[in-house]
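Inspection log for the structure reproduced underneath, given as structure tokens.
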Amino acid sequence: MREILYRLRGQPIQINVVESPEDLKAFEAFWRRHPALGWDTETTGLDWWHAKSGGFRLRLAQFGTGAESWVVPVEAGPQYGAAVVQALRGVEALVAQNASYDLHVVEECLGIPMEELAPKVWDTKLLAHLVDPRATREGGPGLSLEDLVRHYIDPVAADEVKGSARELAKKYKTTKAVMWKVVELQDPDFLLYAGMDPVFAYRLFKILYPLVPARSKASGLIGWEHRLAHACAQMERTGYLLDVEYAERCCAELTAKQEEAAYTALSYGVSKVGSTDQLVEAFTRLGHGSRLGKKTPKGNTSVDDAVLQSIDHPLAQAVIDAKRAGKFRKTWFQNALAGRDSSDRVHASLNSLAARTARMTITGSVPAQTFPAGSGYVRHMFLAEEGHVSCSIDYKTMELRFLAALCRDPTMLQAFREGLDLHQITADAAGVPRKFGKRANFLTVFGGGWRALMGDGIDEATAKRIIGAFGDTYPGVGKYSKGLSEEARKSGYIYTATGRRLPVDRGREYSAQNYAVQSGSRDVTARAILNLSEAGFTDLMRLPIHDELIFSFPEKEAKDLAREAAKIMEFTFRGVLIPTDVEIGGRSWGSVLELEASKH
DNA sequence: GACTGAAGCACC
DNA sequence: AAACGGTGCTTCAGTC
């Protein structure tokens, strides 16, 4: 057994590295001494779905308290993996940073079902979000282990940990991504890096748990978010079946389109269609400089889609085409193809508790929240199971209904209760077309004013009139927003309906209303996922997209299952019904959209 | 090569 | 008085 010593803020941390089967006795004695342990794994990458095909391996498993940790070289032989399994099963509670990932790893590599460990796992990332959800760029602590260590434990240790990965990559003369695969199991720098992680997780738990707001604890948010994270991990595990042939065909089409457009652009002297500098130079040279008046937020000349659309020149169209084809190919089709497992399934990375408002995010090879919604072009590559059909169930105007429930404005409440057309009510009050009323309604959810309403047929006077009419028609909204902003100004926080504490920036108190609505709506979707999970829908759910859930249902039972799921999702919040809308398509997710489009 | 900021574009 | 909220990914250009 090897011992490595690290000093954390002057305190000695002992890292014990298991080197032979004899050392496992001491390891077992260690974990049996502690009811709760920090826990982490080191792997060859992040693609746990490649474990079965051998493309992904578990290398180390680490367990620790605040002062001592044990590193077990799982890769060195089956007896080590067995010892880790025994420890994972035997320990009463496990603390990990982003535990869902490690649960995937041990399920795939050691055969312990996620369901078995999830109930006793505590995730420091979830706790950190409940304490302060802000990213570092927003002036918050951040949510990564490195950021949390920097903010809550020790900035020196955070830098050393981050630096060690970089140093290791340098030492092995490779990139960071490759280093995890090739670093030697006995490498002392690697062992130090690995050994400290469970210590950090353990310490973070002790620090963060008391910092979770009392109201959040009283609402049961801690357990709730853990159960949700687990349900989302189950969706990750299921993955989404890919129509590889279709995706490859689209890739080829788009490549041809992109190359043709890029060639046209090159003939006008533009070698990089994404280079604003080159485009400004080219359009000035071609006599279209007068169209380049728009500025970016930083004051540079803007050459975005709107500007390009306004320029009547083949170069403008070529740039639009090349950029569009490139984005579709690279971001949607190629990413999905590159991320698929040996069964042609892609596994999204579902971050159940992510944004400042607690909204979920979907990252990785399936950034589904940003798939083009206008047509089924991209979504066609995702298939329901053999013999299944795709189904989408979404909430109808959830955010506006949630706002109505929160602010108690009588006109709004009545409109939703009686099924009246809220957008028309707003439009009539201002004497404008319905679409302007609709824009004003949604803008209000965002906390926008007349300035933001301008454009696309609305001039300044009309914008002011609509906002004025909105205020007169729904006085409860302004009153509610004002009260919430006041709370935010005084305390720096608001509390949502589920007892979640959200920080509100100084000088941006107007955003408090949006936070309350957006966050509350997220919790409605989250609640649906949990209830569906309990009702047996776990394997049928594919993805959550904010106010929508995507399913794969057996074709014969699709109607009944959809009806049942829609009923489970439906929610009445403070007397306001948030109803659901069911769309059943064919085999592909995209077909749901086509069906919807053909109805209108 | 890693990293970052800015811009642009895909969404709810 | 007015105040547009929340994301992820790619490319470009520059720095370290």
Side-chain angles (χ1 to χ4, degrees), chain A residues 133-135 137-138 162-163 165-166 169-170 173-179 271-280 294-308 319-320 322-324 326-332 334-335 348-349 351 354-375 377-379 394-395 397-399 403 439-440 442-455 463-464 467-468 471 478 481-482 485 502 504-505 507-519 521-522 525 544-548:
Chain A
R134 293 173 304 162
R137 62 169 187 281
E138 302 172 304
K162 183 190 172 145
R166 196 172 33 229
K170 218 187 258 178
K173 295 190 173 57
T174 184
T175 62
K176 259 210 250 178
V178 175
M179 181 271 290
S271 63
K272 292 175 180 176
V273 293
S275 168
T276 312
D277 293 352
Q278 283 191 21
L279 293 177
V280 170
K294 192 175 170 185
K295 297 292 178 197
T296 69
K298 292 284 170 189
N300 301 316
T301 301
S302 170
V303 193
D304 61 10
D305 193 61
V307 173
L308 290 167
V319 172
I320 291 168
K323 287 207 314 197
R324 195 178 155 78
K327 180 169 179 95
F328 272 58
R329 181 176 58 84
K330 197 90 197 9
T331 309
W332 317 130
Q334 276 191 349
N335 263 344
S349 187
N351 315 300
R356 187 190 184 113
T357 54
R359 261 195 180 179
M360 301 174 214
T361 62
I362 307 181
T363 60
S365 52
V366 194
Q369 288 169 331
T370 61
F371 284 169
S375 83
Y377 187 49
V378 170
R379 297 172 197 222
D394 67 352
Y395 288 101
T397 53
M398 171 146 68
E399 297 202 332
L403 174 61
R439 257 164 71 182
F442 283 119
L443 190 72
T444 304
V445 174
F446 293 158
W450 61 266
R451 215 176 270 279
L453 193 55
M454 278 170 59
K464 284 181 174 167
I467 294 297
S481 180
K482 215 176 148 206
S485 298
L502 300 179
V504 179
D505 296 343
R508 292 177 73 233
E509 285 82 7
Y510 62 87
S511 57
Q513 175 201 268
N514 175 259
Y515 287 3
V517 172
Q518 190 180 109
S519 191
S521 298
R522 174 273 188 190
T525 305
I545 320 272
H546 300 306
D547 61 349
E548 175 186 17

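Atoms considered below: every heavy atom in the structure, side chains included; atoms not considered: hydrogens, waters and symmetry mates. In what follows, chains carry the letters A, B, and so on, assigned in the order in which the sequence lines appear, proteins first and then strands, with residues in each chain numbered from 1. No experiment lies behind these values; they were computed from the predicted model shown.
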Pick base, sugar-phosphate or nothing for A:Arg451, based on heavy-atom distances below 4.0 Å to the nucleic acid.
sugar-phosphate

So for A:Lys272 and C:dC12, does any side-chain atom that can act as donor or acceptor lie under 3.5 Å from a complementary atom in the base?
no

Within this structure, what is the CD1-to-P distance between A:Ile362 and B:dA10, rounded to whole angstrom?
18 Å

Stacking of A:Tyr510 on C:dA3 base (centres under 5.5 Å, planes under 30°):
no

Which atom pair, heavy atoms only, marks the closest approach of A:Trp450 to A:Ala463?
O-CB, 3.4 Å

C:dT10 OP1/OP2 closer than 4.0 Å to side-chain N/O of A:Asn335
yes

Within this structure, what is the CD-to-P distance between A:Glu399 and B:dC12, rounded to whole angstrom?
12 Å

Would you mind classifying the nucleic acid contact of A:Ser302 as base, sugar-phosphate or nothing, using non-hydrogen atoms under 4.0 angstrom?
sugar-phosphate

note: A:Gln369, atom CD; C:dG6, atom P; distance rounded to Å ~ 15 Å

Where A:Ala358 and A:Ser519 come nearest, the two heavy atoms and their spacing
CB-OG, 4.1 Å

Side chain of A:Lys176 only, heavy atoms from C-beta on: which candidate in B:dC3, B:dA10, C:dC9 is closest?
B:dC3

In whole angstroms, how far is the P atom of B:dC12 from the CG atom of A:Asn514?
16 Å

Can you measure A:Phe442 atom CZ to B:dC11 atom P for me and round it to whole angstrom units?
16 Å

Would you say that more than 12 heavy atoms from the other residues, nucleotides or ligands in this model lie under 6.0 Å from the NZ of A:Lys295, or not?
yes

Of all the nucleotides listed (C:dG6, B:dA10, C:dC9), which has the minimum atom distance to the side chain of A:His546?
C:dG6

Using a 4.5 Å cut-off on heavy atoms from C-beta on, say whether the side chain of A:Lys327 contacts that of A:Trp332.
yes

Give one of base, sugar-phosphate or nothing for A:Gly326, where a contact means two heavy atoms less than 4.0 Å apart.
nothing

Nearest to the A:Thr276 side chain among C:dC9, B:dC11, B:dG8, which nucleotide is it?
B:dG8

May I have the distance from A:Lys323 (atom NZ) to B:dA7 (atom C1'), rounded to whole angstrom?
8 Å

Where do A:Phe328 and A:Pro372 come nearest, in terms of heavy atoms and distance?
CZ-CG, 3.5 Å

Of the listed nucleotides (B:dG8, B:dA2, B:dC12), which one gets closest to any side-chain atom of A:Thr175?
B:dA2

Regarding the side chain of A:Asp277, the nearest nucleotide among B:dG8, C:dA13, C:dT10 is C:dA13

With a 4.0 Å cut-off on heavy atoms, is A:Val303 in touch with a base, just the backbone sugar-phosphate, or nothing at all?
sugar-phosphate

Work out which heavy atom in A:Lys294 is nearest to a heavy atom in A:Val307; give both atom names and the distance.
CD-CG2, 3.7 Å

How is A:Arg359 classified with respect to the nucleic acid when contacts are heavy atoms under 4.0 Å: base, sugar-phosphate, or nothing?
base

Nearest listed nucleotide, side chain of A:Ile545, among B:dA7, B:dC12, B:dA10
B:dC12

So which nucleotide from C:dG5, C:dT10, B:dG8 ends up closest to the side chain of A:Lys327?
B:dG8

C:dG5 OP1/OP2 closer than 4.0 Å to side-chain N/O of A:Arg356
no

Which listed nucleotide (C:dG6, B:dC11, C:dC12) is nearest to the side chain of A:Ser275?
C:dC12

I'd like to know if A:Gln518 reaches the base of C:dG5 with its side chain, counting only an N/O donor and acceptor under 3.5 Å.
yes

Any side-chain N or O of A:Asn300 under 4.0 Å from OP1/OP2 of B:dA7?
yes

Would you sort out whether A:Leu279 and A:Ser275 count as a side-chain contact (heavy atoms from CB on, under 4.5 Å), showing the intermediate values?
CA-CA 6 Å; A:Leu279 293 177; A:Ser275 168; 6.0 Å; no

How long is the line joining CZ of A:Arg329 and C1' of B:dA10, in whole Å?
16 Å

Can you check side-chain contact (heavy atoms from CB on, under 4.5 Å) on A:Thr301 and A:Thr276, steps first, answer last?
CA-CA 8 Å; A:Thr301 301; A:Thr276 312; 5.6 Å; no

Could you work out which one of B:dC11, B:dA2, B:dA7 sits closest to the side chain of A:Pro372?
B:dC11

Taking the minimum atom-to-atom distance to the side chain of A:Thr357, which one of B:dG8, C:dT10, C:dG6 wins?
C:dG6

Quick one: is A:Arg508 getting a side-chain N or O under 4.0 Å of the C:dA2 phosphate, OP1 or OP2?
no

Using a 4.0 Å heavy-atom cut-off across all strands, classify A:Arg166 as base, sugar-phosphate, or nothing.
nothing

Comparing A:Glu509 with A:Ser365, nearest DNA chain C nucleotide closer to 5' gives the residue A:Glu509

Interatomic distance, A:Arg137 CZ vs C:dG6 C1' [rounded to whole Å]
10 Å

Is the phosphate of C:dC9, meaning OP1 or OP2, less than 4.0 Å from a side-chain N or O of A:Trp332?
no

Which whole number of Å gives the distance between the C1' atom of B:dC11 and that of C:dC4?
16 Å

